[in-house]
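The sequence lines fix the lettering, A, B, ..., with proteins before strands; numbering per chain opens at 1.
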Amino acid sequence: MFAEVIVDVAAYPIDRPFDYKIPELFEGFVEPGMRVKVPFGPRKVVGYVVDVKGESELAENKIKPLEELIDFDAILSPELLELSKWLAEDTLAYRIEALQVMLPAAMRAKYEKFIQVEQLDAITEPDFLTMLKGRDRVPLKYADSPILLKQLKAYVKSGAVQVDTLVKQQTAMKKVRMIHIVKAPILEELLNSLSKQAVKQRELVTWMIGHAGESIEAGKLLKDAGVSATVLKTLIDKGAAHEKKVEVYREPEVVQLRETAVPTRLTSYQQYAVDEVLHAFHKKQDTTFLLHGITGSGKTEVYLRTIEEVLSKGQEAIVLVPEISLTPQMTSRFKERFGDQVAVMHSALSAGEKYDEWRRIHRKEVKVVVGARSAIFAPFEKLGIIILDEEHESTYKQEDLPRYHARDVAIWRANYNGCPVVLGSATPALESYARASKGVYQLLELPKRAKEQALPTVNIVDMRAELQEGNRSMFSVSLAEAIRERLDRHEQTVLFLNKRGFSSFVLCRDCGTTIQCPNCDISLTYHRATENLKCHYCGHEERVPTICPECESEHIRFFGTGTQKAEEEIAKLFPEARVLRMDVDTTRQKGSHARLLQKFSEGQADILLGTQMIAKGLDFPNITLVGVLAADTTLHLADFRAAEKTFQLLTQVSGRAGRHDLAGEVFVQTYTPEHYAIELAKAQVYEPFYHMEMSSRKQFGYPPFFYIVNIQFSHEELMKVVDYAEKAARFLAEGLSPESVIIGPTASAISRVNNRYRYQCLIKYKKEPKLTETLQALIRFYRTDWIKDGLQLSVDKSPVVIY
DNA sequence: GCCTACGCCTAG
DNA sequence: TAGGCGTAGGCC
């Protein structure tokens with residue numbers, strides 16, 4: 001028997017299955033979806049079995065046997081193996097990348113090289129012997145000097161030592177020491193035999209008699225019995241107990257937020273949505289639903305009800321949320337409703353915790369997964385429903401290889417399993433709403449808030465007028481007044497700082513110079529904590545200059561507004577207010593995000609000040625005011641989705657106010673109050689915005705009227721990057737149909753990163769049967785030839801941002 | 001992607 | 001001519 005194996009080598013000529021002989025020992029045991037260790041050329045690598053067959057086309061002597069099984073049952077189902085094939089093709093990635101993206105990072109193999117001593121007596125060099133310290137196997141990295149490397153080379157040649165690769169599995173399994181205490185009679189006998197001086201031992205044995213026959217975790221035992229580890233060790237040696245390492249799951253910290261009541265009745269809109277989705281579920285139809293529900297309309301309740309039914313039929317559910325750590329409330333609702341049938345997968349978990357959650361799914365110990373993008377690959381085999389909450393979020397698209405969109409994978413899996421997909425949002429992506437309008441998706445509307453509360457009143461504040469009045473602060477008079485009122489009434493305020501593209505930078509007030517990164521074509525960002533300037537693209541760091549490098553003026557200082565600055569201003573304006581700041585700086589530590597939210601939910605603060613991360617999911621009854629400090633910042637980005645992003649953000653953040661009994665109010669500060677994205681966000685109406693934006697997209701030929709592919713080129717030399725980009729553009733023009741438009745090559749918005757010049761080509765097409773074929777041919781040129789000349793090329797289908 | 005064999009080159 | 005460096009081609 002032979003196994004077709006995809007090996008863990010990401011290279012163009014390797015991107016296909018390789019045949020290996022299955023040794024008799026493993027015969028009948030190897031199945032598709034298992035990982036194996038195989039010899040590949042002179043080294044050993046991990047591979048994924050994708051097929052098992054009786055015959056191989058290769059000559060017998062060309063086939064090596066596989067060496068070892070890493071798994072004893074398949075870790076990838078036939079569905080996921082099939083999916084990896086489609087994924088690799090669709091995203092133009094290697095098959096191995098597609099396979100690996102489906103598994104938790106802890107399962108990815110690490111390779112370590114070792115020096116293995118074969119003939120100890122042949123080694124005479126004192127340096128080399130010192131390095132070995134009497135061991136016959138040391139990591140290769142110990143040989144870290146030119147002398148040692150030279151000696152190593154000689155010894156390898158003579159056969160005295162060997163260098164081999166060890167495939168290291170990061171066995172992320174957590175084990176605890178369990179102490180099993182023996183039966184009482186044995187203990188009593190032992191007690192009698194102990195000498196009088198063995199006070200602590202007598203103490204522990206006496207304690208053990210009270211717990212005879214029990215198994216207790218070592219740490220707990222020591223604490224409860226009040227003895228030290230040495231005493232226990234001695235007694236284990238004397239036979240009073242046995243120790244065993246037992247595999248356990250880590251328990252991710254679950255922050256309990258104030259409970260949200262379970263509604264007893266659904267609104268008629270919710271009921272209709274539930275009925276429609278369940279109809280598709282029962283009929284095993286892979287319908288994609290677009291659940292368009294305004295903020296507070298109870299989309300989550302629709303998810304919960306449909307999942308309940310799916311579970312009752314013995315099937316499983318995947319729920320995707322944009323970045324789950326941002327919505328602890330969402331997870332607690334799922335945990336509340338489905339208890340320990342829920343696994344949670346989010347980026348704040350450690351690698352080990354992610355692995356544990358993955359195993360719980362794989363072993364069918366849970367039936368629901370709530371997680372971020374990668375949870376779409378949850379190894380379920382009886383999928384009954386897939387839900388994407390906030391489906392418009394750009395985090396569903398993976399930015400590095402394989403560049404998949406979770407929505408597309410969801411639809412693929414739904415199709416494979418014959419189950420419905422629900423895309424939920426208050427502000428659907430234009431693409432999705434357009435598909436719903438065309439009948440590709442089925443539209444479900446929730447136009448009313450669940451408890452019939454009114455939507456908050458949204459006030460637009462023209463900051464230009466404020467400036468004319470002489471108000472130079474970040475807070476308009478009306479917003480400041482509104483905050484003052486909340487403080488007096490002991491209600492809570494959320495202040496949102498739209499920070500993207502808005503980070504602080506250093507500017508000379510005299511000559512207008514900004515400090516640029518020496519490697520990249522972008523301004524450096526000011527970091528107050530370290531008093532440093534940092535480049536977000538290449539990591540370059542330098543001190544803040546005291547005089548302008550251009551004109552030597554001393555009037556050089558940081559400019560722009562960050563959360564820290566906002567916090568300072570709040571402290572000045574409202575010295576008595578208790579403020580919680582939530583941004584990358586305050587949430588870096590694990591779990592701090594949830595802790596901050598918990599504090600806020602318990603009323604330990606009056607004002608929550610934050611960036612993007614507070615825009616969604618917050619659902620606290622005492623929030624009655626939302627202030628958006630600067631609405632425009634996302635509006636002026638060089639991105640065709642700028643208006644859509646702004647509208648979505650404003651709608652989402654406004655939705656945080658007045659979700660319960662108290663009425664909400666929103667203040668949006670802007671320098672462009674007349675822009676339709678801002679005007680329509682004030683009115684909180686999606687459809688008119690959709691139509692406005694669609695006509696603009698149509699005019700400029702952007703999605704959803706055209707599909708887009710972005711091809712990025714980068715090279716250290718400007719001439720070469722232009723050259724290759726032009727070559728590629730010509731090639732694409734020849735290969736694609738004349739209806740498709742090729743724009744460029746043009747210099748990218750950030751034309752240099754890390755000392756590499758960047759160019760790009762955009763392909764716009766409506767229908768392009770030859771797309772995949774042509775792109776693959778282009779990639780073949782790149783991977784076989786251009787790459788050797790130092791070019792870097794990347795293809796991004798339906799990019800979410802174009803840099 | 002990594003390894004090696006094989007090419008070419010230089011010092012002696 | 002041995003040893004050093006660089007690069008093309010194979011990996012089952």
Asker: Measure the distance from CD1 on Ile787(A) to P on dG9(C) and round it to the nearest whole Å.
Answerer: 16 Å

Asker: Calculate the interatomic distance between Asp15(A) atom CG and dG1(B) atom P; express it in whole Å.
Answerer: 12 Å

Asker: Would you mind classifying the nucleic acid contact of Pro17(A) as base, sugar-phosphate or nothing, using non-hydrogen atoms under 4.0 angstrom?
Answerer: nothing

Asker: State whether Lys62(A) places a side-chain N or O below 4.0 Å from either non-bridging phosphate oxygen (OP1 or OP2) of dC11(C).
Answerer: yes

Asker: Send over the distance from Ile63(A) CD1 to dC11(C) P, rounded to a whole Å.
Answerer: 13 Å

Asker: Return the value, rounded to whole Å, for the distance between atom CD of Glu97(A) and atom P of dG1(B).
Answerer: 9 Å

Asker: Hey, are Arg95(A) and Asp15(A) close enough for a salt bridge, meaning a charged N less than 4.0 Å from a carboxylate O?
Answerer: no

Asker: Please determine if a side-chain N or O atom of Lys113(A) lies less than 4.0 Å away from the OP1 or OP2 oxygen of dC3(B).
Answerer: yes

Asker: In whole angstrom, what separates Arg43(A)'s CZ from dC2(B)'s C1'?
Answerer: 4 Å

Asker: What is the distance, to the nearest angstrom, from the CZ atom on Phe40(A) to the C1' atom on dC2(B)?
Answerer: 9 Å

Asker: Rounded to whole angstroms, how far apart are CG on Leu58(A) and C1' on dC11(C)?
Answerer: 12 Å

Asker: Nearest to the side chain of Pro42(A) - dC12(C), dG1(B), dT4(B)?
Answerer: dT4(B)

Asker: For the pair Phe781(A) and Trp786(A), name the ring-plane relationship: parallel under 30°, tilted 30 to 60°, perpendicular over 60°.
Answerer: parallel

Asker: Arg783(A) near the nucleic acid: base, sugar-phosphate alone, or nothing, with a heavy-atom cut-off under 4.0 Å?
Answerer: nothing

Asker: Would you check if there is a donor-acceptor pair between the side chains of Arg758(A) and Ser748(A) at a distance under 3.5 Å?
Answerer: no

Asker: So, Asp796(A) and Lys397(A), do they make that salt bridge, N to O below 4.0 Å?
Answerer: yes

Asker: How many Å lie between OH on Tyr12(A) and P on dA8(C), as a whole number?
Answerer: 18 Å

